[in-house]
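Only one structure is covered here, and it is reproduced in the block below.
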Amino acid sequence: MVRPSSSVLLVGLLWLYCWGAMAQAGEEYMAYKDPKQPLNRRIKDLMGRMMLEEKIGQMTQLDRANVTAEIMRDFSLGSVLSGGGSVPREQASPQDWINMFNEFQKGALSSRLGIPMIYGIDAVHGHNNVYKATIFPHNVGLGATRDPELVKKIGAATALEVRATGINYAFAPCIAVCRDPRWGRCYESYSEDPAVVIQMTDVILGLQGEIPAGSRKGVPYVGGKDKVAACAKHFVGDGGTTRGINENNTVIDRHGLLSIHMPAYYHSIIKGVSTIMVSYSSLNGKKMHAHHELVTKFLKDTLKFRGFVISDWQGVDKINYPLHSNYPEAVLAGVQAGIDMVMVPFNHTEFIGIVTDHVNNKRIPMSRIDDAVRRILRVKFVMGLFENPLADESFVDKLGSQAHRDLAREAVRKSLVLLKNGENADTPVLPLPKKTKRILVAGTHANNLGYQCGGWSLTWQGVSGNNYTAGTTILSAITAAVDPSTEIVFSENPDPDFLKSNNFSYAIVVVGEQPYAETKGDSLNLTIAEPGPQTLTNVCGAVKCVVVVVSGRPVVIEPYVLSMDALVAAWLPGTEGQGVSDVLFGDYGFSGKLPRTWFKTVDQLPMNVGDAHYDPLFPFDFGLTTDSVKQL
């Protein structure tokens with residue numbers, strides 16, 4: 001046996017020591033890890049070190065149910081998301097969310113280059129997937145406030161609650177301009193009027209922070225650990241589909257597109273929005289997920305958007321029909337259209353394999369991959385993820401905080417639109433007296449927190465009942481608001497005999513739509529959910545009645561208006577029902593204005609302000625006002 005001499009051993013040890021020192025020094029001087037380096041230098045340095053599979057990994061987003069820390073590490077995945085209702089466990093605490101987030105993030109950080117992930121969630125009216133979070137009014141209600149400053153505060157509160165669970169990316173705001181209330185996502189739209197939607201893009205400044213003066217236009221901005229990356233969606237024309245059919249075809253000329261559906265994107269980009277999500281819908285027959293002209297040439301080249309473009313959930317799979325058919329062709333079309341990150345969200349190996357094959361066979365140029373990765377990394381560096389990748393547990397107490405609930409209550413007050421108040425101005429019914437003998441509260445929506453919140457609340461489609469989260473029903477709010485001597489009687493659907501025998505001073509009837517989201521909300525008849533019409537007819541036929549409609553859009557109400565003494569559109573107010581009682585009893589006045597035209601019959605649809613055939617029940621911008629009153 002030949003034994004190495006001591007000198008050879010010494011040389012070997014010295015070499016290992018020097019290699020280790022060099023590796024350590026290399027770690028210290030990797031430019032992408034140095035926050036003092038300029039943004040573009042960090043991006044360039046990191047991209048220069050990345051292999052093709054790592055770049056494609058960054059372009060991949062999976063749902064949390066399909067991810068492990070090992071997958072994050074081995075595939076260098078760029079992002080994880082929670083789809084609607086995708087939670088670590090039922091009634092998960094902020095700590096449960098943080099533990100899950102940190103586990104995935106540690107997996108990402110243990111990959112070869114240690115690129116942190118970004119975690120996305122549909123925080124569309126507060127952090128609405130999370131148990132005991134503050135749930136704000138849906139966008140249609142916020143549009144009724146006409147108050148961009150309020151919306152900005154809601155954005156900031158939402159960012160804090162999202163960060164309370166460790167998460168750093170919200171799929172909000174939806175800046176659709178809903179032109180037909182038959183669309184199941186109409187409540188996610190602030191208004192039928194692009195000018196109102198433009199105003200409401202100030203929510204981005206709340207979510208992400210105010211852009212410093214002199215910043216380059218179009219460059220994403222996220223201003224600290226208490227802020228999140230935002231996502232303007234769904235690009236473009238999602239609110240203009242024929243008959244309001246979800247994910248369908250928007251037929252419109254270029255002038256209409258640029259004047260109705262595009263302006264809010266321009267304003268979002270100016271305000272530094274980090275990401276933009278592509279719409280499932282088509283534009284004049286061309287799928288938006290495959291629309292190179294609009295995604296690349298217009299959004300990226302003309303509007304100079306420098307953040308990243310993300311697909312919707314299985315949006316690439318839906319380029320072809322049926323779902324996931326000819327998937328390699330769909331992936332080619334989606335990536336070539338300009339989509340940077342793909343919400344896969346199930347099978348990462350299939351997606352990565354297909355993109356790799358397209359690149360190796362020159363069907364997707366390396367320049368397209370590099371454009372996508374550059375944009376993704378730009379957002380991650382701007383967010384400070386490389387310096388602070390893990391959850392900051394100091395925000396835990398912000399989830400559902402009293403300050404946020406007070407803000408949501410204010411938003412409810414300002415979102416209510418008074419459509420009728422007595423037969424004339426001389427005999428107003430509202431505000432109601434707090435001190436009276438007996439008040440009837442009726443209707444399916446009076447004592448149902450789930451109905452109050454609507455879709456995208458705890459689950460994708462929403463829930464029914466009061467056991468899913470913390471909040472105040474409209475019934476509880478009324479009970480707390482009235483004088484202690486006033487008797488409150490609740491009957492969901494009282495019969496005529498009950499109404500006659502109880503000698504009620506007046507009735508508050510709360511009816512509306514049951515929760516829904518996306519396609520399940522598409523409706524050709526837009527009726528109040530049963531037995532709402534019967535309740536309206538019975539109660540308003542027997543007792544002085546104030547009707548509160550809880551809905552995501554205008555519904556058929558014309559047949560009942562004459563029998564009502566007062567009518568209030570409450571939209572989908574969320575968890576803070578006291579905002580409704582605050583205004584019904586005059587602690588605050590009504591100030592909301594219709595963000596949408598209220599039709600007489602569905603046969604008139606689509607009908608929007610400015611149309612030649614405009615004959616509404618209540619026009620866009622309508623809303624009666626009242627003054628606040630002090631009641632002893």
Side-chain angles (χ1 to χ4, degrees), residues 61-73 77-110 116-136 156-172 207 225-229 231 313 343 345-346 348 383 385 388-405 408 449-450 453 455-463 465-471 517 574-575:
Q61 186 183 60
L62 289 186
D63 184 82
R64 52 157 289 285
N66 308 301
V67 180
T68 62
E70 291 70 35
I71 289 171
M72 297 302 298
R73 177 195 67 206
L77 293 190
S79 186
V80 180
L81 84 146
S82 276
S86 181
V87 299
R89 68 176 183 85
E90 209 172 303
Q91 297 190 348
S93 68
Q95 199 60 54
D96 292 326
W97 283 94
I98 284 169
N99 292 344
M100 176 196 70
F101 174 90
N102 281 346
E103 184 188 349
F104 293 150
Q105 189 66 290
K106 285 171 183 173
L109 296 173
S110 66
M117 65 149 187
I118 183 171
Y119 193 116
I121 195 164
D122 285 285
V124 297
H125 61 140
H127 199 9
N128 44 264
N129 279 284
V130 175
Y131 179 60
K132 290 190 174 177
T134 310
I135 297 183
F136 292 90
T158 301
L160 280 170
E161 297 213 9
V162 171
R163 283 288 194 172
T165 56
I167 295 171
N168 48 28
Y169 178 23
F171 298 131
L207 288 164
K225 291 195 286 184
D226 60 344
K227 300 296 179 184
V228 297
C231 179
W313 176 279
M343 198 183 291
F346 303 116
H348 59 288
M383 291 174 73
L385 288 187
N388 297 293
L390 298 175
D392 184 338
E393 299 190 20
S394 67
F395 295 121
V396 163
D397 64 346
K398 301 297 182 187
L399 189 91
S401 71
Q402 192 56 51
H404 293 170
R405 292 189 183 279
L449 198 59
C453 292
W456 291 112
S457 302
L458 298 155
T459 69
W460 176 38
Q461 292 295 325
V463 295
N466 300 332
N467 300 323
Y468 292 91
T469 196
T575 51

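By convention here, the first residue in the shown sequence is residue 1. None of the values given here were measured: they were computed from a predicted structure.
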Results of salt bridge (Lys or Arg N to Asp or Glu O under 4.0 Å) for [X] - residues two or more places apart only:
X	result
Lys225	Asp392
Arg405	Glu576
Asp397	none

Shortest non-hydrogen contact from Ala159 to Leu207?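 Closest pair (atom of Ala159, atom of Leu207, distance): CB-O, 3.6 Å.
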Qualifying residues under side chain to side chain contact (heavy atoms under 4.5 Å, CB included), relative to [X], sequence neighbours excluded:
X	answer
Arg73	Glu70, Ser110
Asp63	Ala65, Asn66, Leu81, Ser86, Trp313, Pro345
Asn99	Gln95
Ala156	Lys227

Taking side chain to side chain donor-acceptor pair (under 3.5 Å) as the definition, give me every residue that meets it alongside [X], ordered by chain and number, with sequence neighbours left out.
X	result
Trp460	Glu518
Ser457	His125
Thr158	none
Thr459	none

Run the side-chain contact (heavy atoms from CB on, under 4.5 Å) check on Ile98 and Val396 step by step: do they pass? CA-CA 9 Å; Ile98 284 169; Val396 163; 3.6 Å; yes
Crowded around Glu90 CD? As in, over 12 foreign heavy atoms under 6.0 Å?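 Atom CD in Glu90 is not packed in, count stays at 12 or less.
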Do Thr165 and His127 have a side chain donor and acceptor closer than 3.5 Å?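 Side-chain D/A pair, Thr165 to His127: present.
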Testing the 3.5 Å rule here: is there a donor-acceptor pair between the side chains of Ser82 and Tyr119?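 Per modelled atom types, Ser82 and Tyr119 side chains form a pair under 3.5 Å.
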Pairing residues for Phe104 by the ring pair (Phe, Tyr, Trp, His ring centres under 6.0 Å) criterion, not counting sequence neighbours: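 So Phe104 forms no ring pair (Phe, Tyr, Trp, His ring centres under 6.0 Å) with any residue.
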